[in-house]
Amino acid sequence: QVQLVESGGGLVQAGGSLRLSCAASGGTSSTYGMGWFRQAPGKEREFVAVVSRYSYPTLYADSVKGRFTISRDNAKNTVFLQMNSLKPEDTAVYYCAATRTWGLPTIRAEYDYWGQGTQVTVSS
């Protein structure tokens, strides 16, 4: 059983940056692809980014491409999401997730473990 704990969320002004972290325990993180999803109030949880087991390749949602960067440190069992040029529409609860599925899955159902989420609020 893998446990995931996100941190790094908060309140930031539009144009600012935040770096989210996701610490994994109870398993070897390099066994899993790791993704980030987000859910805004009243909306479905949506895919943000995914990184393969070996840090490359990566895949991003069109809405964050060029602004967000996903990375991982397998030695520390940690995944990161660097978020730059934040916009009010990026406001959401951000979730870290782990998948046994090979490739770069973007579908929520393909992920096996989830964290509790961290709130990101971007003010205009």
Side-chain angles (χ1 to χ4, degrees):
Q1 186 77 9
V2 175
Q3 292 83 44
L4 303 173
V5 179
E6 303 95 337
S7 61
L11 173 64
V12 64
Q13 288 187 330
S17 298
L18 282 175
R19 189 192 197 204
L20 305 184
S21 299
C22 172
S25 61
T28 303
S29 67
S30 60
T31 304
Y32 302 91
M34 298 297 295
W36 287 95
F37 286 72
R38 68 186 182 185
Q39 188 166 16
K43 294 188 176 181
E44 294 290 315
R45 193 171 299 187
E46 65 175 4
F47 166 76
V48 174
V50 58
V51 59
S52 70
R53 287 157 175 76
Y54 308 113
S55 297
Y56 184 85
T58 57
L59 182 67
Y60 298 90
D62 287 344
S63 58
V64 307
K65 200 174 297 182
R67 300 187 297 122
F68 290 12
T69 303
I70 188 171
S71 61
R72 65 190 297 164
D73 183 339
N74 286 343
K76 296 182 178 179
N77 287 337
T78 304
V79 178
F80 305 97
L81 185 68
Q82 177 67 44
M83 307 186 294
N84 298 328
S85 301
L86 282 161
K87 305 175 181 180
E89 51 263 44
D90 294 318
T91 294
V93 177
Y94 283 71
Y95 296 90
C96 173
T99 177
R100 297 189 190 93
T101 302
W102 285 92
L104 298 171
T106 63
I107 306 301
R108 180 179 175 180
E110 293 180 298
Y111 285 78
D112 303 288
Y113 302 102
W114 292 84
Q116 293 300 307
T118 185
Q119 176 70 47
V120 171
T121 303
V122 184
S123 63
S124 57

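Just so it is clear, the values below take in all heavy atoms, side chains as well, and ignore hydrogens, waters and symmetry mates.
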In Å, rounded to the nearest 0.5 Å, how long is the span from CG of Leu20 to CZ of Phe68?
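Output value for this atom pair is 8.0 Å.
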To the nearest 0.5 angstrom, please state how far the CG atom of Leu18 sits from the OG1 atom of Thr118.
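If we round to the nearest 0.5 Å, Leu18:CG and Thr118:OG1 are 9.0 Å apart.
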Is there a donor-acceptor pair under 3.5 Å between the side chain of [X] and the backbone N or O of [Y]?
X      : Y     : result
Thr121 : Thr91 : no
Asn74  : Arg53 : yes
Arg72  : Ser55 : no
Gln3   : Gln1  : yes

Salt bridge (Lys or Arg N to Asp or Glu O under 4.0 Å): which pairs involve residues 105-120, sequence neighbours left out?
Arg100-Asp112
Shortest non-hydrogen contact from Gln39 to Arg45?
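That would be OE1-NE, 3.3 Å.
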Smallest separation among heavy atoms of Ala40 and Ala92, with atom names
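Result for this residue pair: N-CB, 3.8 Å.
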Applying side-chain contact (heavy atoms from CB on, under 4.5 Å), name anything that partners Ser85, two or more places apart in sequence or on another chain.
Arg67
Quick one: list whatever passes side-chain contact (heavy atoms from CB on, under 4.5 Å) with Ala98, sequence neighbours left out.
Leu4, Tyr32, Met34, Tyr113
Through direct or indirect side-chain contacts below 4.5 angstrom among Ile, Leu, Val, Met, Phe, Trp and Tyr, which residues connect to [X]?
X      : result
Ile107 : none
Leu59  : Phe37, Phe47, Val50, Val93, Tyr95, Leu104, Tyr111, Trp114
Val5   : none

Residues 44-124 vs disulfide bond (SG atoms under 2.5 Å apart), sequence neighbours excluded, gives Cys22-Cys96
What pairs of residues pass the disulfide bond (SG atoms under 2.5 Å apart) test when at least one of them lies in residues 35-75, not counting sequence neighbours?
none
Identify, with sequence neighbours excluded, every residue that meets salt bridge (charged side-chain N to carboxylate O under 4.0 Å, His left out) alongside Lys65.
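Here the qualifying residues are Asp62.
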With a 4.5 Å cut-off on side-chain heavy atoms, are Asp90 and Met83 touching?
no
Provide the full list of side chain to side chain donor-acceptor pair (under 3.5 Å) pairs with a residue in residues 5-22, sequence neighbours left out, each pair given once.
Ser17-Asn84
After noting the C-alpha distance and the side-chain angles of Phe80 and Asp73, does the key distance pass the side-chain contact (heavy atoms from CB on, under 4.5 Å) rule?
CA-CA 8 Å; Phe80 305 97; Asp73 183 339; 4.1 Å; yes
Does Gln119 have more than 12 heavy atoms from other residues, nucleotides or ligands lying within 6.0 Å of its CD?
yes
Qualifying residues under side chain to side chain donor-acceptor pair (under 3.5 Å), relative to Glu89, sequence neighbours excluded:
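Side chain to side chain donor-acceptor pair (under 3.5 Å) list for Glu89, sorted by chain: empty.
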Going by the rule side chain to side chain donor-acceptor pair (under 3.5 Å), which residues pair with Thr101 if we only count those two or more places apart in sequence or in a different chain?
Thr99
